[in-house]
Amino acid sequence: MSLDINEQYDKIYRYCFLRVRHKETAEDLTQETFLRYLEHPQYHSEDKTLQLLYTIAGNLCTDEFRKIKPSEISETASDGKDIEDNILSDVQLKQVLDSLSDEDREIVLLRFVNEVPVNVIAKLYNISRFALNRRLNRILGSLREHLGKEELI
Amino acid sequence: MTEKDKKRITEALGIPEPDRKKEFAEEFARRSEGMQKKPIKPIIMRITAAAAMLAVCIGALTLFPKHKTDFGGDDDIEVIETTTDHSADGAIVPHTTSSTDTEGGVTVTTAAMTSGKTGTAVTTAQNGTTKAPASQRTTAAKTTESRSESRTTTAEHHETEVTTAEPIVQDPPVTAAPPRDLTVSPDVTYTVRDNTITEEELLTGKGSDGIGAPPKGDGDPPISPNDQKIQHMFDISYAVILAKVDKMVYTSIDRQAVTAEDITVEAVYGGSLNTGDRLTVFLRGGYMPAEEYMKYNRRAHIDNAEDYSVYISAGCRMAQEEGESYIFFVSDDDSGLPDGAFSPAEDGYCSVFIKRNGKYISLAGEELSFTEEQLARLQG
């Protein structure tokens, strides 16, 4: 399957940024993800391609997080918060997203922003599709109030 | 979700735009081309193909079994040679030289042309050790026609008629696998009360905007075929079937309303189910007693809750009905469900289609539909 780099670059970048909370690092990890992707055999299935990309990105983010010394974590995190505070326009929505766990925030990004299929996300987090749907329902319940819509998917 | 919503969430998550995307996209495209495998030269392909063909031919000549006389496809046959004398009226009187038990076997007698007053008849008979009657044989007989035959031999101007013994009973035709009952029953079931209320109405206290309770099968959602999505669903499905909904049972799993549908397969477009199989598909959404719903949703409140059932749409835009036939893209993934249960291949009701105006339309109303021709192409 040929990869649409222009579309997937943004999606993988958002995912990396959410994990590392640092713009430059997120972009480095995104590029590294695509370079490593090239070293793997190409899949014909879109789902498998997406799963491979997100698995590589997730592993790179985990490795990156391990490299950071504990003293730097708070500093890095505060950088991310500064950016967040500057960009945010919807305070209520921010509060709802802040109240979610890190993993739930990632799921929101993957499902609703990056539009990754449910079965791919379920495999990434090693949970069943039903379990994922339950989590999505719970998150949706909170988001609906603030986005003012009934159907988000 | 609209692009605006996505942008709002992205901004709320504090994700800035990337700076180096364009440069990297060019670099990636360049590297992708370099990584592509070079095609094998035609001359090498031809030599390889010729060598492979030669090997196949040699193998076929050396390993192919030598020709043997075929006595009806059964190796368990012995040949009995019988010498016959002419009677006065020219009929052949066989003298069997060895005694065999031909019970339940096949006996074929053919008369050979003879000169003079003697004839030779060759009798092929089933080995005497076979005791089972012919009608109960489990292996298919090579000859499907009746073995009864009549041959006329002319010897010295006398007509000789030799007929074979008992005709073989034709094997019963091979039939399709019998239908299986793969249905499962949920632990808890809910009955639908006279008064129903949609989830949206219950949570907001306002009237439905049309999304909640779906229309009874006559809805007409926008149609926009999406080949890629259908192909994807076909690929990930355990089976694609046309099935009649026999029974719909409302239940809940982990506090979520679920509808268990017992269906009977009417046609199979893909996968290993058989026509006539019965199975249970669990779909999200359905009816739930109001008091049960309020236990898990503290924001919801209604007086006289015990009189109401709450309808949770879970994305279903057109209600299903018992007795109707639908096309299901099912998965055998039963995680979180009773053992042996089936679930939709893709998210909820977008895996269930109903025929409307010559097209199959998804019950999720996600502008998802396909035609008979598209379905035939997918099967191909």
Side-chain angles (χ1 to χ4, degrees), chain A residues 2-3 5-6 9-10 13-14 17-18 21 23-24 26-27 30-31 34-35 38-39 42 45-47 80-81 83-91 93-94 96-98 105 108-109 112-115 117-119 122 127-131 133-134 137 141 143-144 146-147 149-153, chain B residues 1-2 4-29 31-32 34-36 199-200 203-204 209 211-212 228 232 235-236 253-256 258 282 284 297 299 312-315 331 333-337 343-348 366:
Chain A
S2 59
L3 186 73
I5 183 74
N6 289 316
Y9 187 94
D10 286 344
Y13 165 76
R14 286 185 209 126
F17 183 86
L18 207 62
R21 287 279 170 197
K23 185 178 174 183
E24 296 302 318
E27 204 146 6
T30 305
Q31 296 185 0
F34 285 104
L35 294 179
L38 282 180
E39 295 167 8
Q42 306 292 294
S45 156
E46 186 185 358
D47 283 358
K81 288 287 176 192
I83 295 165
E84 200 172 304
D85 290 338
N86 291 336
I87 294 171
L88 276 175
S89 60
D90 193 331
V91 179
L93 183 59
K94 176 185 176 298
V96 175
L97 290 171
D98 281 347
R105 269 200 295 273
V108 168
L109 177 86
F112 302 127
V113 181
N114 286 4
E115 293 182 331
V118 170
N119 54 335
I127 55 176
S128 72
R129 291 187 306 166
F130 260 77
N133 278 325
R134 285 195 293 275
N137 275 341
L143 289 178
R144 273 176 183 150
H146 302 286
L147 287 178
K149 287 190 70 175
E150 284 307 310
E151 294 294 332
L152 291 170
I153 51 175
Chain B
M1 181 170 284
T2 62
K4 192 182 168 189
D5 291 335
K6 287 181 195 171
K7 196 176 175 187
R8 285 175 68 188
I9 293 178
T10 308
E11 288 181 354
L13 288 169
I15 302 172
E17 292 294 317
D19 294 333
R20 293 176 269 151
K21 178 181 169 184
K22 193 178 173 187
E23 293 82 2
F24 182 75
E26 290 169 2
E27 174 70 13
F28 182 80
R31 288 196 186 205
S32 296
M35 293 292 284
Q36 280 178 350
E199 184 183 28
E200 186 256 343
L203 290 172
T204 62
D209 63 354
I211 293 168
Q228 199 177 357
H232 168 71
D235 292 343
I236 65 169
I253 296 176
D254 289 345
R255 304 177 178 185
Q256 297 292 321
V258 172
F282 281 73
R284 288 194 297 125
N297 296 275
R299 289 183 299 141
I312 298 103
S313 75
S331 162
D333 179 8
D334 61 359
S335 45
L337 302 174
S343 55
E346 258 292 16
D347 196 21
E366 292 185 6

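Chain letters run A, B, ... following the sequence lines, proteins first and then strands; every chain starts at 1.
With sequence neighbours left out, A:F34 forms a ring pair (Phe, Tyr, Trp, His ring centres under 6.0 Å) with B:F28. Remark: A:Y9 engages B:F24 in a ring pair (Phe, Tyr, Trp, His ring centres under 6.0 Å) (not counting sequence neighbours).
When heavy atoms are compared at a cutoff of 4.5 Å, B:D235 does not approach chain A at all. Only the side chain of A:N119 comes within contact range of chain B, judged by heavy atoms closer than 4.5 Å. Residue A:E115 touches chain B through its side chain alone, counting heavy-atom pairs closer than 4.5 Å.
Of all heavy-atom pairs between B:G14 and A:R21, the closest is O-NH1, 4.3 Å. Smallest separation of non-hydrogen atoms from A:V113 and B:K6: O-CD, 3.7 Å. Annotation for B:I9 and A:L97: closest pair O-CD1, 4.1 Å, computed over non-hydrogen atoms. Shortest non-hydrogen contact noted between A:R129 and B:S343 is NH2-OG, 3.4 Å.
A:E27 contributes atom CD, which lies 10.0 Å from atom CD of B:E17 (distance to the nearest 0.5 angstrom). Separation of atoms CG (A:L18) and OG1 (B:T10) is listed at 10.0 Å; rounding is to 0.5 Å. From B:K21, atom NZ reaches atom CD of A:Q31 across 12.0 Å, with rounding to the nearest 0.5 Å. In this structure, the separation between CZ on B:R20 and NZ on A:K23 is 9.0 Å, given to the nearest 0.5 Å.
Put simply, the side chain of B:H232 reaches to within 4.5 Å of the side chain of A:D47, judged on heavy atoms. Here the side chains of A:Y13 and B:I15 are in contact, with some heavy-atom distance below 4.5 Å.
A donor-acceptor contact shorter than 3.5 Å is absent between the side chain of B:Q256 and the backbone of A:R134.
A salt bridge does not link B:R31 with A:E39: every distance from a Lys NZ or Arg NE/NH1/NH2 to an Asp or Glu carboxylate oxygen is 4.0 Å or more.
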